[in-house]
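Structure record follows, encoded as structure tokens.
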Amino acid sequence: MRTHYCTDLNENNIGEEVRLVGWVNSYRDHGGVIFIDLRDKTGIIQLVADPADSKEAWEQADKVRDEYVISIKGVVRDRGEGLHNPKLKTGKIEVVVKQMEIQNECKVLPFAIGDKNVNEELRLKYRYLDLRDPKMFEIFSLRSKVSIAMRNYLNNHGFLDVETPVLTKSTPEGARDYLVPSRIHAGEFYALPQSPQLFKQLLMVAGFDRYFQIAKCFRDEDLRADRQPEFTQVDLEMSFCNQDDVIAQVEGMVKAGFEAANQTLVTPIRRMTYHDAMEKYGSDKPDLRFGLEMVDVIDLFEDSNNEIFANIAKDQKRNRFKALKVSGADNHYSRKQLKELESFVRKFGAAGLAYIQVKEDGLKGPLVKFMSEASLQQLLDRLKPEVGDIIFFGAGEKKVVLDYMGRLRIKIANDMNLIKDGYEFVWIVDFPMFEADDNGNPTPLHHPFTMPNMDTWDEENFEDIKSIAYDLVLNGYEIGGGSIRIHKEDIQEKVFNMLGITQEQAKEKFGFLLDALSYGAPAHGGFALGLDRFIMLLSNTTNIRDVIAFPKTQKASCLLTEAPSPVEKEQLRELHIRVKLPQNEAN
RNA sequence: GGAGCCGUAGUUUAGCUGGUUAGAAUGCCGGCCUGUCACGCCGGAGGUCGCGGGUUCGAGUCCCGUCGGCUCCGCCA
């Protein structure tokens, strides 16, 4: 049908007869001569229809409108002196049309192809038109290259691509499951996998040694700009490994993907403990494209004449007093804007936002009078502020302070444009094994099959127990995570005990896994990379929908297919399902 | 579950303290035009102001509800 793609042609083809097919990107009718920009996935080339060359072709060209599909036969020629268009890759040449066939017409478009000012709602309804934009093709071309490169890396390193079930068993832990009713088993349900976690561990027990899969995962939780209900993980698992072995393979894989995107990644990627990330950046996924590290100043308020501050400083295990020095902030933030920063942190539980402005004539701010001379001097020594800086303070319960100060740090970096271009990877390691739930009971931070660091095992202080888990963070996004798994029954029992899970409960919930571990399970561990987020960052967008061909809206519907939708009564009957809507309307 | 922002020709939008026929740009249709590439010039058509109620002599505008989209909090082992 075609001899070339549009941008395959260049000056070397001058004089050649070619056949091209594609879409009419635009046309310019000059009464006599008609110009058509023909587009395919590679780009654009200009066609010229001149009645002097072919009356019939010109008559066809006269009928052409935007986004018509046409095929042409023509001859490549130089555009001539002064007529080159440097904006086009093919701007030096054009194709003189000898024959033209309109293969398909196009209705008036709901929006101009490539117009990103249009409502996303409309673009999603006509996603196939939105995807015609060459910029969109570029994203999916990148996604394809990156994922193939990572696949190849894993293949070359002994990882076997194995598919695991999509119809599987609901597990009570973790995110809400998407359920699929069983026709054959009345009243029973499959769950779509939140990840292939348990299956990949079983493959290790099976002795496959190294597994990977580019797997769709499903979580029925509320959406965000970087979260879709179905998403893709590059999932991997390996046997007879420790944390460094897994990290080395992941770094190799990510590097391969990165290089496929024409980026360079220097390995090894730096590592930071969970503790340091929380204390310095107030987040377990710190954005390291800018500084603004928090500094501990709780000791400087032990002698404060303010009762509240002095009290906070008394319990240095449970409380925090953090300082965030922002260079030049005094010139950037007005009084009113500083108030706005305060109401920003209040949303995250802050009682207020104290700050000290460093002026020509000294320190200004309510906190100054609550500090002793000696403490103030120590503060200056510790932070070394300069005139024009503002030091922000967060004080109170550890978890709350770290959270809102971490958010403040990011907000200020955005406000003051402190975020550098580029990619900053970091491994977060030494995660706590457990955290306290609302009632103060231990719950797993990762999942209950994560290997605890037994050197830190402490029945009395479960919050101090570390796990052998690691997250990969890029520019403030968690792009993946993994762990070494428990492969011994006695340790697994200890963990279940800690979680208050009885043997019967464990057997009922995860019996098949525990069984498997008792038949000669090798030490093993793995990792899963969030492919969508990774591609999102490589595509320089902050919206995961941009890198998913047919994404869902925030209410998890597909505007193109209108899924989800009601189904026929007969379908429900076969599935033994009766629908009961909240308003008491029966279906 | 909660908070905020948004919804007006095909599209992007203007529309003030409620007041004649809801205005513009672009797209679309028709005419003219042989070197444009955001082609140009002339003319024309095109609006349930998301939907439903209410207040009012009168609602795109005010109030209540509802639907949809986006961002965030909760949630996401």
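In what follows, every chain begins at residue 1, and chains take the letters A, B, ... in the order their sequences are listed. Heavy atoms only: backbone and side chains are in, while hydrogens, waters and symmetry mates are out.
- Between A/R227 and A/D222 there is no salt bridge, since none of the side-chain N atoms of the basic residue sits less than 4.0 Å from a carboxylate O of the acidic one.
- Here the P atom of nucleotide B/G69 and the CD atom of A/E121 are 6 Å apart, to the nearest Å.
- Judged by distance alone with a 3.5 Å cut-off, no donor-acceptor contact links the side chain of A/N119 to the base of B/G7.
- In this structure the side chain of A/W23 never reaches within 4.5 angstrom of the side chain of A/I113, judged on heavy atoms.
- Pairing for B/G40 goes to B/C32, judged as Watson-Crick or G-U wobble with the two contacts each under 3.5 Å.
- Ion pairing between A/K92 and A/E11 holds under the 4.0 Å rule for side-chain N and carboxylate O.
- For the pair A/R533 and A/D226, the salt-bridge criterion is met [side-chain N within less than 4.0 Å of a carboxylate O].
- Taking the side chain of A/S26 as heavy atoms from C-beta on, and the options B/G10, B/C73, B/C39, the nearest nucleotide is B/C39.
- Both stacking criteria are satisfied for A/F35 over the base of B/U36: a centre-to-centre distance under 5.5 angstrom and an angle between ring planes under 30 degrees.
- Pairing for B/A14 is absent, judged as Watson-Crick or G-U wobble with the two contacts each under 3.5 Å.
- The P atoms of B/G60 and B/U20 are separated by 11 Å, rounded to the nearest whole Å.
- Atom CD1 of A/I34 and atom P of B/C39 are 14 Å apart (whole Å).
- Note that A/R407 lies in the cation-pi zone of A/F348, set by a 6.0 Å cut-off to the ring centre and a 45° limit from the axis.
- If you check B/A59 for Watson-Crick or wobble pairing at under 3.5 angstrom, you find it has no partner at all.
- Between A/L517 and A/R485 the shortest side-chain heavy-atom distance does not fall below 4.5 Å.
- If you take CG of A/L559 and P of B/G68, they are 10 Å apart, rounded to a whole angstrom.
- RNA chain B is contacted by no residue of residues 500-508 of chain A, taking any non-hydrogen atom closer than 4.0 Å.
- Taking the side chain as every heavy atom from C-beta outward, A/F431 and A/T450 never approach each other to under 4.5 Å.
- One interatomic measurement links the two molecules: CG of A/L223 to P of B/U71, which rounds to 9 Å at whole-angstrom precision.
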